[in-house]
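Comments concern the structure below.
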Amino acid sequence: QVRLVESGGGLVQAGGSLRLSCTTSERTFSTLAMGWFRQAPGKEREIVAAIDWSGGVTSYADSVKGRFTISRLNANTVHLQMNSLKPEDTAVYYCAADPTRPFIVTIDGYDYWGQGTQVTVSS
């Protein structure tokens, strides 16, 4: 099983920034796709950003383009830099990974998920 360790959530004011981190503690997979998702209370889980195995290809939800940046430190570690945060960004953020494919942009494409970290943005 792929274990994902998340960190970086917290409470910030609108306009502030947070950086989320996710690391897989399992053996390295050369085709490990990773992504960030979020789920607000009563809402469906939605994709925020995805990154390919090399860090060279990224995808973002329209709502976060220009504000969030996903990046890879290495094959097993990904960051989500969140700038210009808005109250509507408030949600539990989940890291996801799949060791069998290089790039995934759909929720159902990921097999492994982190525990989630709460991000709360106040007005």
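Quick caveat, the model's predicted, so the values are computed rather than measured.
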Is it true that [X] and [Y] fall in one hydrophobic cluster, defined by side-chain heavy atoms closer than 4.5 Å?
| X | Y | result |
| --- | --- | --- |
| V64 | M82 | yes |
| W113 | V5 | no |
| L20 | V92 | no |
| Y60 | W36 | yes |
| F37 | L80 | no |

Considering non-hydrogen atoms only, spot the tightest contact between [X] and [Y] and give its length.
| X | Y | value |
| --- | --- | --- |
| H79 | S21 | ND1-OG, 2.9 Å |
| I51 | F103 | C-CD1, 3.7 Å |
| T90 | A40 | O-CB, 3.8 Å |
| S71 | V78 | O-CG2, 3.0 Å |
| P99 | V2 | CG-CG2, 4.2 Å |
| R67 | S84 | NH1-O, 3.0 Å |

* Around Q13, counting heavy atoms of other residues, nucleotides and ligands shown, do more than 12 lie under 6.0 Å from its CD? -> no

* Backbone N/O of L4 and side chain of Y112: donor-acceptor pair under 3.5 Å -> no

Calculate, to the nearest 0.5 Å, the distance between atoms [atom1] and [atom2] belonging to [X] and [Y] respectively.
| X | Y | atom1 | atom2 | answer |
| --- | --- | --- | --- | --- |
| S59 | K65 | OG | NZ | 7.0 Å |
| T69 | R19 | OG1 | CZ | 12.0 Å |
| L32 | D52 | CG | CG | 10.5 Å |
| F68 | L18 | CZ | CG | 9.0 Å |
| D98 | M34 | CG | CE | 11.0 Å |
| Q39 | E46 | CD | CD | 9.5 Å |

* Does the side chain of N83 pick up a donor-acceptor pair with the side chain of S17 at under 3.5 Å? -> yes

* If you measure from the Lys or Arg side-chain nitrogens to the Asp or Glu carboxylate oxygens, is any gap between D89 and K86 under 4.0 Å? -> no

* **V48 vs Y94, side chain to side chain contact (heavy atoms under 4.5 Å, CB included): CA-CA, chis, key distance, verdict** => CA-CA 9 Å; V48 175; Y94 298 91; over 6 Å; no

Contacts under 3.5 angstrom, residues 116-123 side chains, donor-acceptor by atom type, not counting sequence neighbours:
from, atom 1, to, atom 2, distance (Å)
T117, OG1, G9, N, 3.2
Q118, NE2, A91, O, 3.4
Q118, NE2, T120, OG1, 3.3
S122, OG, V12, O, 3.4

